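Worksheet for the structure shown next.
Just so you know, ligand 1 is whichever comes first in the structure, and atom 1 is the first atom listed for that ligand. Treat the numbers as computed from the prediction; the structure is a model and nothing was measured.
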Amino acid sequence: MAETRRLIGRVAVLSDVHGVLPALEAVLAEPDVRSADRIVVTGDLAAGPQPSEVLDALTALGERVVLVRGNADRELVQVARGGTTDVPDPISEWAAAQLGPRHVALLAGLPHPVTLDIVGFGPVLFCHGSPRADDEVVLVDTRPAQWADVLADVPEQVRTVVGGHTHMPFVRLVDRRLVVVSGSVGMPYGRSGAHWALLADGAVTLRRTAFDLDAAIEQVAAASGYPDVRAWAEYFLRATASDVEVVQEFGSRDGRNEHPGDLITARLVLHPITPPEAERIVARSPRPDDHWHPEYPFADELEPLGSLAAEQESDAIFTLFQVRDRASGLAVGGIGFFGPPDAEGVVEVGYGFVAAARGRGFAVEALVELVRHGFAHGARVVRADTDIANGASQRVLLRAGFAEMRRERGLAFFEVRAPA
Ligand SMILES: [Mn+2]
């Protein structure tokens, strides 16, 4: 955690500029920003239509600017260095290709989080997402228990946490800590203009700089080579999405249970798939509110999903679940029961994840939750089998509490029994 010992006076907080130069310039022209002792930019600097221009404008501020890493900055580095990311965002792919080695190095070196001593506040922690993860979603109405978890590792003396990522400004107390999200400079939700915040004399002020949207859209469209730039600029600079829609959309990512029947774990949502949803998945024809990883669904899943799609009404408990990564909101796998318990209380389960989601313990986390759910609804024994050549799957089952019972015909059979 970067720290400075010298107390800092007035601080302007800018976040989520997302490569929109005219919006950044409008804020930088504000007298309270020009006179601020520091300008802290809490992440997602460049993923947008003018990535290099925005990075140059920020670095031109010299010693006065403190840049914090956002998830989109991290993802730009991954893409620029030839990797892939979970989030299929075409403008990020394009922006990554615009960056020269100097810009990639700048983004790769960004710290997260950053703590600064500020007059009237003491140590203030600046982050993107949450102090522990640059892509964690916390919202103004996130539940107290979730906030407690999110802030659990923040040092006691830090009484103010300033974040970005959700593009909707708020200030609220969270169990005696002040939490500030300044909103987005370049991609605001709910209200147009460039949103930012001023920390001065122990007080936080949420600020908004209005600028000529028509002129800015023209300027972005003329300056950027992104193929879809005009539509992008129209949509985001005019704040087309309302904050109510966005909170609804982001809601499940903060662990709130918006859909009865969803099972929520530390990092995942297990969503029971209805027959119409199964039909869409098998046909690979998502609705706008379906958020699927590009590799989802994968071949193994299609047969059980096909049977589910053909049903009139699915079993609400012993069914197939779509597994979503709470951080990205994307469907990354499937897990579920191949039918209700038999006369002895035996159920069988199966699961699978897209390649990009493997190696992160998701399968164990989902399986533990599925087994708990099965036992809570009358199952006594949960069984699974796997190819004997599939060592990864066997390790997942063992880590999830299963024991190997026998091997035959190239398969290893596992089970776990309900506690007596
Ligand atoms: Mn972000």
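Under the 6.0 Å cut-off for aromatic ring centres, Phe236 and His18 do not qualify, their centroids lying 6.0 Å or more apart.
Closest approach between the Mn ion (ligand 1) and any N/O/S atom of Asp44 involves OD2. In terms of distance to the Mn ion (ligand 1), the nearest N, O or S atom of His165 is named ND1.
For a distance bound of 2.8 Å, the N, O or S atoms of His128 include one lying that close to the Mn ion (ligand 1). Taking backbone and side chain together, Asn71 holds an N, O or S atom under 2.8 Å from the Mn ion (ligand 1).
Using modelled atom types, no side-chain atom of Glu30 and backbone atom of Ala26 make a donor-acceptor pair closer than 3.5 Å.
A salt bridge links Arg238 with Asp214: the distance from a Lys NZ or Arg NE/NH1/NH2 to an Asp or Glu carboxylate oxygen falls below 4.0 Å.
Remark: of the listed residues His167, His128, Arg74, His128 is the sole one forming a side chain to side chain donor-acceptor pair (under 3.5 Å) with Asp44.
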